[in-house]
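Reading through the structure tokens given below for one structure.
Small disclaimer: the values here were computed from a predicted structure and weren't measured.
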There are 2 protein chains.
Amino acid sequence: MRIEGGGATPNALLGLLSLGPMSGYDIKALIDRSIGYFWSESYGQIYPSLKRLAAAGLVEKKTSRQKGRPDKHVYSLTAAGQAQLQEWLKVPVTEEVNRNELLLKLFFGERVAPSVCREHVRACLETHERAVKTYDAIAKGLRKDSANDPQLPYWLMTVNFGRIRSAALVKWAKETLKELERIEKTQKK
Amino acid sequence: MRIEGGGATPNALLGLLSLGPMSGYDIKALIDRSIGYFWSESYGQIYPSLKRLAAAGLVEKKTSRQKGRPDKHVYSLTAAGQAQLQEWLKVPVTEEVNRNELLLKLFFGERVAPSVCREHVRACLETHERAVKTYDAIAKGLRKDSANDPQLPYWLMTVNFGRIRSAALVKWAKETLKELERIEKTQKK
DNA sequence: GGGTGCATGTAATGGGTTACATGATTCT
DNA sequence: AGAATCATGTAACCCATTACATGCACCC
């Protein structure tokens, strides 16, 4: 048996619980409307992980009965859990290559008609144009709703990351579309 | 039993084999010095996958004996394999959220000293500053060595993606470092 | 003699999503 | 009547990396 805390998932859960006591269901919902653009967890990870965290004494479980609905299992950070989270936050980030299917398809793009790649890149452009707007909206909302939260600057940093990245990809997509059109024209001649 | 060709890995292999006949070992080496910055495969994936592709008739295996060294199993694309690759290249890219541990740690950054986050962001800055230079070098090399290859424009598009993305992250990291220093100063007062 | 490169492959393990199973309440 | 939301959990499955197993040749 391994000690809970090595992987990122349990530590992400500890982090979310540091915002306040929550159930597995709540955690999933919170992820989807906060860190969802750079982190995801499924129930199949959350529930077993919470159980293990509880067994390791890093979180505490309290069952609250509800009318009609199933019992709610609310978890909260223990002192040990808080310590573990802080330790993990200090560990240097290990960046691994994340696979990019768009680039893979583009790399072999010469094997198909230029219009195929154009379509892929156009979709990418649309996605990130929308994303930039979304990030701006999120930042605006955060600045309003969490104006006095000491965590606000950190949250804005992550949003800004997304914004800058998406803006860059918009730029790339536009450049790339032009290049693809150029290829298409020279091919037809 | 499933038909080979659904996942990205077998199709990536087909793509690489479209560049010429190769062994599993060659494929790994080629990945590492070409698409390695946005795609990776391990032997544990490559060898079994090639076997399945051969069973499905998408690639053809030829064993060439070598002096001293173990036999080399050279695979080449069949017509069916080429067709499968082209079909796959047309399928719209499904972008899923890729987890970002740096952002996760930054999101909970208020739970630790600002210097911790500063260190993470500084590492990110360094990584991407180096990356920009690497991408430039790769592009230069490609323009020289593959000047007449019709695939060159596509390869440059993928390199340019990396370049633009890394340059954007350098910008973000610099901004973020300033912000972290600001937080540090206001905290000390 | 020992490290590195060539060359193949399997088994163990890890980390994750999806589908399944259950069931009441509330909204349309 | 039916869909969505609340709520928890397990089992099956998929995909991927790492470790293991083997062994020769070449260079230092």
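- A:Y43 has no side-chain polar atom (N or O) that falls below the 4.0 Å cut-off from OP1 or OP2 of D:dG9.
- With D:dC15, D:dT10, C:dG9 as the choices, the nucleotide that has an atom nearest any side-chain atom of B:Y75 turns out to be C:dG9.
- When rounded to the nearest whole Å, the span between CG of A:L13 and C1' of C:dG15 equals 13 Å.
- If you take CG of B:D71 and P of D:dA25, they are 14 Å apart, rounded to a whole angstrom.
- Other members of a hydrophobic cluster containing B:V97 are absent, since no ILVMFWY side chain comes under 4.5 Å of it, directly or through relayed contacts.
- Applying the salt bridge (Lys or Arg N to Asp or Glu O under 4.0 Å) rule to pairs touching residues 89-112 of chain A yields A:E87-A:K90, A:R99-B:E41, A:E101-A:K105, sequence neighbours excluded.
- For A:Y25, counting side-chain heavy atoms from C-beta on, the closest listed nucleotide (C:dT18, D:dA7, C:dT8) is D:dA7.
- In this structure, the side chain to side chain contact (heavy atoms under 4.5 Å, CB included) partners of B:K28, at least two apart in sequence or on a different chain, are B:D32, B:Y43, B:I46.
- Comparing A:S40 and B:V74, the nucleotide of DNA chain C nearest to each residue sits closer to the 5' end for B:V74.
- Protein atom CD of B:E96 is 14 Å distant from nucleotide atom C1' of C:dT18, rounded to whole Å.
- Candidate nucleotides D:dA7, C:dG9, D:dA16 were compared by shortest atom distance to the side chain of B:T9, and D:dA16 ranks first.
- Nucleotides of DNA chain C nearest to B:D26 and B:R99 differ in position, and the one nearer the 5' end is that of B:D26.
- When atom types are taken as modelled, the side chain of A:H120 and the backbone of B:L89 share a donor-acceptor pair closer than 3.5 angstrom.
- What separates CD1 of B:I46 from C1' of C:dC6 is a distance of 15 Å, to the nearest Å.
- Remark: A:R122 engages A:E119, A:E126 in a side chain to side chain contact (heavy atoms under 4.5 Å, CB included) (not counting sequence neighbours).
- The backbone N or O of B:L104 sits nowhere less than 3.5 Å from a side-chain atom of A:W39 that would complete a donor-acceptor pair.
- With rounding to whole Å, A:K72 atom NZ is found 8 Å from D:dC6 atom C1'.
- Applying the 4.0 Å criterion to OP1 and OP2 of C:dT8, one finds that B:K28 has every side-chain N and O outside that range.
- Nearest to the side chain of A:P48, among D:dT10, C:dT17, C:dT10, sits D:dT10.
- Relative to the axis of its first five pairs, the axis of the last five pairs of the helix from C:dG1-D:dC28 to C:dT28-D:dA1 sits at 30°, rounded to 10 degrees.
- Computed from coordinates, the A:I27 CD1 to D:dA7 P distance equals 13 Å when rounded to whole Å.
- For residues 135-156 of chain B, the pairs satisfying salt bridge (Lys or Arg N to Asp or Glu O under 4.0 Å) are B:D136-B:R163, with sequence neighbours left out.
- Atom CZ in B:R33 sits about 14 Å away from atom P in C:dG5, given to the nearest Å.
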